[in-house]
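A, B, ... follow the sequence lines: proteins, then strands. Residue 1 opens every chain.
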Amino acid sequence: MQIRNRWLYKKFASLKTSILFLGLLSIFYLVGTIFPQGGDIEDYIKEGGRFVLLVKIFGLLDLFSTPLFFITAFVLFINIFICSYERFLALTSETQIDTEFIPTHTIQLNTKENIDNIFIKKLGFKKIHSNQTAAIVAKGLSYKWLTWLYHIGVFLCFIGFFLTYLFAFEDEVTIYPNETKTILPSKQGRLQKLFNIKPKEFPFKIQLAEFITEYNQMPSIDYPKDKLSRLAIALGWQGKPITYKIKDDSYFPKDWKSRLIVYKDDKFAYIKTIEVNEPLKYGGITFYQSAFKQDLKITIDNSPLAIDAEVDKEAILPGIENSIVFRNLRVGTLFKKDGTTEKIIPSVDVYIVKKTTNDKKEKEKAGKLEFGSSLTIEDKAIGIKEFKEATILSYRYDPGVPLLWLAGIMVLVTMALRVYSAWYRIIYRVDEEQGAPLLKLSIKTRGLLADEEGMVRRVRHYAK
Amino acid sequence: MLETILSRDAFLLTIELKIFWLIAFGYGVCLFLFFAHLFTKKNSIGNAATGILWGVVVAHAALILFRTFEAQRAPFQTLYESLSWFAWSASITYLYAARKWKDVYLAGIPVTLLSMSASLYALLSRNPAVEPLSPPLQSWWFEYHVILAFLSYAVFVVSCSIELVYLLIKPRLEKGLSYNYGLDLDNIETFHRTSFKLVLFGFPLLTFGVFSGAAWANDAWGRYWSWDPKETWSLITWTVFAMYLHAMTIPKWKGLPASMFNILGFICMMMTFLGVNWLAKLLGIPSLHIYAV
């Protein structure tokens, strides 16, 4: 093929090109850790970003979607493809023995057994070639094929990434207990966006049967933070013992779970309790337990009319001048240190938002409000009438993932076999010198478990 | 009942910290002895340092088991725990790699320096409290991902140490200087090859670390790759070591250029482990790996 003799093709088939483009990609990665990816340019300017012009020109806040990054990755992709193709051609060509066979070991042959038998039957080698000069035997998985296979795996990973880039989309949905939702994504993959294909409603509905929040009781430690005090404790100069204490707010998230029911054509189709690390996969879409939303109905001075408030957001309550923020609504089950569990009495921390002189806002804790009791703020008694928790699910469509799983396993398995497993190739012939048969051989090994000296010892043993 | 449990936990933590201080001191003693060997050129001192380091490593292994018992889970959740694991794994890898060397002790200096620094950093600056696993960490990926990724880190530490010793001693040998700390023209290339073999050993582990991290992120966060600073730095480390391994197959690049890639890979690895937290904090970049600080 003429193309293989061209300068550009040779450059693409070169390992130096691989190193160069791996290096260039590293520089991209490095820059991507300096500038907040997915950030907004206005926020960047507001926060005093110093490289506004560079950020705008090179799209540094979305670096991994820029044409420059794509071109660099694409060149590496082509480089891997051509190198793999060249390696494949080399692999399928016939093994040749150097006419100038240079043995590295000479062993006196005292056995009457056929030398081929020693290698093949006793040592488990496979004959791969022989001619008048010498014979070649090999043992173990071919390192060349393994090397080729994990490069193909990397090549497939690139395709997987590209599929993700083109087609993947993700969005969020909030569902309240016993609510059934039809989902119409507001986002779509890059390719669909390019061709202006409108997102379609999923052909199934999801119901939240139950939402569960669980907490661990987490004691806090009484141990100094400064280095000198710690050193003093270590040297025995400070006698205060280390203690663990349980405080009012010793809650540490244990788990949050959503029991989801899928309905297709208004009929029950599937049920699963999902949690972090345990998503629901249905109809090509994966639903993840992302977060939760907490809502309150607040009463003022026991009035029957309740005000809606969302946890972590500012709320205006009639008769109270400053706005209020409710935080850390605790409901669900507490797993205590002593192994027992208890139902948490629902409570929420209440903060008053005050404006400071320089027009900034400051939050001041007003107290803890428990369900069934009240808290007085600016002479108004506020109470919790009702509370509810909704699950926030993120969902994602990503056709790149199955290919990446396959490619990832392929890379790992073949790379591990290539690096760790032993491979031997022995070229040998039997010469007679002064009437005594001598086995001359050269040995090549690959893999960290290969033991060249050990193999020569074994050959010597059988040659006795 | 609760008070008894809290007192017991505090007592166990006090014991743990005392032993950990002794271990940090042990690494310091080894470092001092390795330095003493550098200046006195006495092999008996290097030998003593190696012997003491074996003792410290065994004690540290016991401490990690103790922490596992104390926490009732794998001890890799917080940076305090990771630093302890890192210090131990680097030292044990060094001892394993050094078992065949005769009178070569120089690589012990950077390794024990790192082990001691990591232990002191954990003891002086991190919160040693035993904490329960947060929901994202409650995954079967947790143990495999962390153990293998950290094993690769340990291997890269020792590889870089050997590389530094090689770069230091090789010119001395070429100049024909008489004492070269157990290395001569006959054994220095075999010694240097250990560095390559270590990277070769560690690279699939790092690859597993990157892949398993992505698979785990896919289950926990719904996205296998978010260009989070920690993820990106692990990819940089992987890429630099891939460059090193490729450079080692090019005869002209086998010498200094490959050595430079190896050292750069180590620097990137340290960035992934520790530097990225500092960088994210400095630049105000949010990180999903916030629990690792």
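Looking at Phe261(B), the atoms closer than 4.5 Å to chain A (heavy atoms on both sides) all sit in the side chain, from C-beta outward. For chain B, the nearby part of Leu448(A) is the side chain; its heavy atoms alone come within less than 4.5 Å. Both the backbone and the side chain of Asp255(A) come within less than 4.5 Å of a heavy atom of chain B. Neither the backbone nor the side chain of Glu3(B) comes within less than 4.5 Å of any heavy atom in chain A. Using a 4.5 Å cut-off between heavy atoms, Leu205(B) touches chain A through backbone and side chain atoms alike. Looking at Trp140(B), there are no atoms closer than 4.5 Å to chain A (heavy atoms on both sides), in backbone or side chain. For chain B, the nearby part of Pro219(A) is the side chain; its heavy atoms alone come within less than 4.5 Å. In this structure, chain A has no heavy atom under 4.5 Å from any part of Leu22(B). Using a 4.5 Å cut-off between heavy atoms, Phe211(B) touches chain A through its side chain atoms alone. Of the atoms belonging to Trp225(B), not a single heavy atom falls under 4.5 Å from chain A. Contact annotation for Lys18(B): neither backbone nor side-chain heavy atoms come within less than 4.5 Å of a heavy atom of chain A.
Side chains of Asp219(B) and Pro279(A) form a contact here, defined as non-hydrogen atoms less than 4.5 Å apart. Side-chain atoms of Ile19(A) and Trp253(B), non-hydrogen and from C-beta on, do get closer than 4.5 Å to each other.
Summarising the local packing, CZ of Phe162(A) is surrounded by 12 or fewer heavy atoms from other residues, nucleotides or ligands at distances under 6.0 Å. In Phe292(A), the CZ atom is crowded: over 12 heavy atoms of neighbouring residues, nucleotides or ligands sit closer than 6.0 Å. Counting heavy-atom neighbours within 6.0 Å of Phe169(A) CZ, excluding the residue itself, gives a total above 12. Under a cut-off of 6.0 angstrom, the local environment of CD in Glu453(A) is sparse, with at most 12 non-hydrogen atoms contributed by other residues, nucleotides or ligands. Other residues, nucleotides and ligands place no more than 12 heavy atoms under 6.0 Å from the NZ atom of Lys197(B).
Taking CG of Leu22(A) as the reference point, atom CH2 of Trp238(B) lies at 7.0 Å (rounded to 0.5 Å). Atom CZ of residue Phe64(A) and atom OG1 of residue Thr232(B) lie 5.5 Å apart, to the nearest 0.5 angstrom. Here the CD1 atom belonging to Ile242(A) is positioned 9.0 Å from the CD atom belonging to Glu16(B), to the nearest 0.5 angstrom. Atoms CG and CD1, on Leu2(B) and Ile246(A) in that order, are 5.0 Å from each other to the nearest 0.5 Å. A distance of 5.5 Å separates NZ in Lys16(A) from NZ in Lys252(B), rounded to the nearest 0.5 Å. Note that CG of Leu25(A) and OG1 of Thr239(B) are 7.0 Å apart. Values are rounded to the nearest 0.5 Å.
Here the closest heavy-atom approach between residue Arg230(A) and residue Arg126(B) is recorded as NH1-O, 2.6 Å. Nearest heavy atoms, Ser26(A) versus Val240(B): OG-CG2, 4.4 Å.
Considering only heavy-atom pairs separated by less than 4.5 Å from chain B, the leading option among Asp338(A), Leu228(A), Val419(A) is Val419(A). Heavy-atom pairs under 4.5 Å with chain A peak, among Ala220(B), Gly222(B), Ala129(B), Ala214(B), at Gly222(B). Ranked by heavy-atom pairs under 4.5 Å with chain B, the list Phe287(A), Phe161(A), Tyr395(A) is led by Phe161(A). Among Ser125(B), Ala215(B), Ala242(B), the residue making the largest number of heavy-atom pairs under 4.5 Å with chain A is Ser125(B).
Partners of His192(B) by side chain to side chain contact (heavy atoms under 4.5 Å, CB included), not counting sequence neighbours, listed by chain and number: Glu163(B), Tyr166(B), Glu189(B), Ser195(B), Ser259(B).
Screening Lys337(A), Gln217(A), Met218(A) for a side-chain contact (heavy atoms from CB on, under 4.5 Å) with Pro132(B), the sole residue that qualifies is Met218(A). No option in Ser134(B), Pro135(B), Ser139(B) other than Pro135(B) meets the side-chain contact (heavy atoms from CB on, under 4.5 Å) test with Val276(A).
Among residues 4-14 of chain B, the residues having any heavy atom closer than 4.5 Å to a heavy atom of chain A are, in sequence order, Ile5(B), Leu6(B), Asp9(B), Ala10(B), Leu13(B), Thr14(B).
Remark: the backbone N or O of Val130(B) is paired with a side-chain donor or acceptor of Tyr244(A) at under 3.5 angstrom. Checking side-chain atoms of Asn277(A) against main-chain N and O of Pro136(B) turns up a donor-acceptor pair under 3.5 Å. Looking only at distances, a side-chain donor or acceptor of Tyr420(A) sits under 3.5 Å from a matching main-chain atom of Phe201(B). Judged by distance alone, the side chain of Gln37(A) and the main-chain N or O of Ser226(B) form no donor-acceptor pair under 3.5 Å. In terms of modelled atom types and a separation under 3.5 Å, the side chain of Arg396(A) and the main chain of Arg223(B) share no donor-acceptor contact.
Ring geometry, Phe69(A) versus Trp227(B): the interplanar angle exceeds 60°, so the pair is classed perpendicular (tilted spans 30 to 60°).
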(request) Decide yes or no on side chain to side chain contact (heavy atoms under 4.5 Å, CB included) for Leu235(A) and Trp21(B), but give the supporting numbers first. (result) CA-CA 9 Å; Leu235(A) 293 169; Trp21(B) 274 106; over 6 Å; no
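Judged by distance alone, the side chains of Tyr224(B) and Thr164(A) do bring a donor and an acceptor atom under 3.5 Å apart.
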